[in-house]
Amino acid sequence: MSRKSFAILISLLCAALLGGCATTNSVKVASFEAQISIIVDSIEEINEKMNAIDTESDSADTEMLSYMKELSAAIDNLAALEIPSNDYQYVNDLALEAQENMAEALTLYTQILSSGAEYDPDVAETAFAYYQKACRRVSVIVSLLHGNTPSDVEISYE
């Protein structure tokens, strides 16, 4: 956890506790939102690193696989968050879907990048599709938490 993320988490928790009328649930919600913020920041950092890979480098495949594993772990953390109330159930549902899609993408990318494996463009296309699905679900979570419902997404709040 970076110092910035830790400071944000502590600030949110202190603000909730010092608010005088903070309830246990509001502290849980503040903690949940801070944890999501930390995870999303981590995902954004991983994405930046992935985009910065020199594709001509001999280590590009190794770097990509390493970042894919980091991304998968970050999405696993998102899916493992304790949901503070039913108001956030969509986060859990979308995070679990993202986790499943990322696991599939990672399995296929590992297959593609394993030494001695013959490159199969169909497997690569399928892996990329799973990766995009995982990223889209994370993007939808972020949009919803900011109060925006993407027009191409149907969400049930029950």
Side-chain angles (χ1 to χ4, degrees), residues 1-13 15-16 25-55 57 60-113 120-158:
M1 179 183 309
S2 71
R3 287 183 179 179
K4 178 183 171 187
S5 300
F6 182 73
I8 291 171
L9 175 63
I10 295 301
S11 297
L12 286 173
L13 290 175
N25 194 47
S26 65
V27 171
K28 287 181 181 179
V29 168
S31 175
F32 170 76
E33 289 174 350
Q35 290 174 18
I36 282 190
S37 178
I38 291 166
I39 293 168
V40 168
D41 287 348
S42 171
I43 289 170
E44 288 173 355
E45 287 175 21
I46 295 165
N47 185 49
E48 288 174 15
K49 291 176 186 176
M50 289 171 77
N51 289 330
I53 292 174
D54 177 5
T55 57
S57 166
D61 290 349
T62 305
E63 287 179 69
M64 179 58 81
L65 191 56
S66 175
Y67 292 138
M68 292 293 291
K69 288 177 181 177
E70 283 184 42
L71 182 59
S72 183
I75 292 173
D76 289 346
N77 290 338
L78 183 62
L81 286 177
E82 182 180 334
I83 305 299
S85 71
N86 284 341
D87 295 339
Y88 292 97
Q89 186 58 45
Y90 64 87
V91 171
N92 186 280
D93 296 343
L94 288 166
L96 289 172
E97 289 176 20
Q99 183 182 38
E100 291 170 8
N101 286 305
M102 193 63 214
E104 282 295 324
L106 183 58
T107 297
L108 293 171
Y109 277 124
T110 301
Q111 177 184 332
I112 291 167
L113 299 175
D120 183 341
D122 292 334
V123 174
E125 186 176 316
T126 303
F128 186 64
Y130 278 116
Y131 167 77
Q132 286 181 309
K133 287 179 186 179
C135 291
R136 178 64 180 140
R137 277 142 183 83
V138 171
S139 175
V140 170
I141 290 169
V142 171
S143 292
L144 291 169
L145 288 172
H146 286 113
N148 303 318
T149 303
S151 60
D152 61 336
V153 175
E154 190 172 313
I155 299 295
S156 171
Y157 295 98
E158 296 176 20

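Only heavy atoms go into these numbers, but all of them, side chains included; no hydrogens, no water, no symmetry mates. These numbers come from a predicted model, not from an experiment.
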* To do: Could you give me the CA-CA distance, side-chain angles and deciding distance for Met50 and Tyr131, then say whether side-chain contact (heavy atoms from CB on, under 4.5 Å) is met?
  => CA-CA 13 Å; Met50 289 171 77; Tyr131 167 77; 3.9 Å; yes
* **Ile75 and Val138: CA distance, side-chain angles, deciding distance, side-chain contact (heavy atoms from CB on, under 4.5 Å) verdict** => CA-CA 8 Å; Ile75 292 173; Val138 171; 4.2 Å; yes
* **Residues Met64, Asp61; criterion side-chain contact (heavy atoms from CB on, under 4.5 Å); working and verdict** => CA-CA 5 Å; Met64 179 58 81; Asp61 290 349; 5.8 Å; no
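Side-chain contact check for Tyr90 versus Val140: every heavy-atom pair is 4.5 Å or farther apart. Looking at heavy atoms from C-beta onward, Met68 lies in side-chain contact with Met102 at the 4.5 angstrom threshold. Between Leu145 and Val91, some side-chain heavy-atom pair lies under the 4.5 Å cut-off. Counting only heavy atoms from C-beta outward, the side chains of Tyr67 and Glu70 approach each other to under 4.5 Å. The closest side-chain heavy-atom distance from Ile43 to Leu71 is below 4.5 Å.
Nearest approach of Ala79 to Leu96, heavy atoms of both residues: CB-CD2, 4.0 Å. The minimum heavy-atom distance linking Ala124 with Ile112 is given by the pair CA-CD1, 3.3 Å. Here the closest non-hydrogen pair linking Leu108 and Ala127 is CB-CB, 3.5 Å.
With Ser31 contributing its side chain and Val27 its backbone, the two residues share no donor-acceptor pair below 3.5 Å. Between the side chain of Ser66 and the backbone N or O of Thr62, no donor-acceptor pair lies under 3.5 Å. Side chain of Thr126 to main chain of Asp122: a donor-acceptor pair is present (N/O by atom type, distance under 3.5 Å, no hydrogens or angles). Put simply, the side chain of Ser37 never gets that close to the backbone of Glu33: no donor and acceptor are under 3.5 Å apart.
Note that CG of Leu94 and CD of Gln89 are 10.0 Å apart. Values are rounded to the nearest 0.5 Å. Here CD of Glu97 is found 10.0 Å from NZ of Lys133. Values are rounded to the nearest 0.5 Å. Annotation: the span from Lys49 atom NZ to Asn51 atom CG amounts to 12.5 Å, rounded to 0.5 Å. With rounding to the nearest 0.5 angstrom, the CG atom of Leu106 is 12.5 Å from the CG atom of Asn101. Here Ile36 contributes atom CD1 and Asn77 contributes atom CG; the two are 12.0 Å apart, rounded to the nearest 0.5 Å. Between atom CG of residue Asn47 and atom OG of residue Ser42 there is a gap of 11.0 Å, rounded to the nearest 0.5 Å.
Residues that satisfy the side chain to side chain contact (heavy atoms under 4.5 Å, CB included) test with Glu100, not counting sequence neighbours, are absent from this structure.
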